[in-house]
Structures are given as structure tokens and as C-alpha cells.
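Step one of this worksheet: look at the structure below.
Numbering starts at 1 and runs along the sequence shown.
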Amino acid sequence: MDYVSALLPPVVMAVFFSALIVTIVKSQGGANKAKEDAAVDAAVARAESVRQPQQGAPKTGDA
């Protein structure tokens with residue numbers, strides 16, 4: 001019976017992990033795909049605009 005108690009936690013975790021992966025894969029796409037893509041594109045654009053200084057603006061830290 002020790003082998004059952006030793007194998008049960010990894011088997012349970014594997015089943016839950018597999019269910020999580022299936023849920024993630026199934027939730028990709030669908031009716032909200034365009035909305036999700038637009039939100040990601042907007043977040044990337046905001047991050048890039050903050051990271052890159054605007055043209056014509058003086059750079060700080062240059063001596």
C-alpha cells in the first residue's frame with residue numbers, strides 16, 4: 001500500500017495539469033479572439049511607447 005500513497009499525488013497533479021492545458025487550449029480563439037488580440041496589441045504599443053523616447057526629445061544622462 002505504500003506504493004499507492006507514493007504514486008497518488010503525482011498522478012493527481014498530472015490529471016489536474018492535463019485538464020488545465022486542455023482548458024487553456026480550448027479557450028484560445030472563439031468569439032473573443034479579436035477583442036483579446038486588440039487588448040494585447042494596445043498593451044504592447046503602450047509598453048513600446050514608454051520604452052522608446054520620442055524623436056526630438058533630448059536624451060537625459062548624456063554628458
Residue pairs, two or more places apart or on separate chains, that pass salt bridge (charged side-chain N to carboxylate O under 4.0 Å, His left out) and touch residues 23-32: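 The answer is none; no pair qualifies.
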
Taking only residues two or more places apart in sequence or in another chain, which ones pass salt bridge (charged side-chain N to carboxylate O under 4.0 Å, His left out) with Asp37?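 Checked Asp37 against salt bridge (charged side-chain N to carboxylate O under 4.0 Å, His left out); matches are Lys33.
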
Which ILVMFWY residues are connected to Leu8, directly or by a chain of links, through side-chain heavy atoms under 4.5 Å apart?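 Once heavy-atom contacts under 4.5 Å are chained together, Leu8 belongs with Val12, Phe16.
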
For [X], which residues count as a side-chain contact (heavy atoms from CB on, under 4.5 Å) partner, sequence neighbours excluded?
X     : result
Leu7  : none
Val25 : Ile21
Leu20 : Ile24

Applying side chain to side chain contact (heavy atoms under 4.5 Å, CB included), run through Arg46 and Val50 and close with a yes or a no. CA-CA 6 Å; Arg46 274 195 310 270; Val50 169; 5.6 Å; no

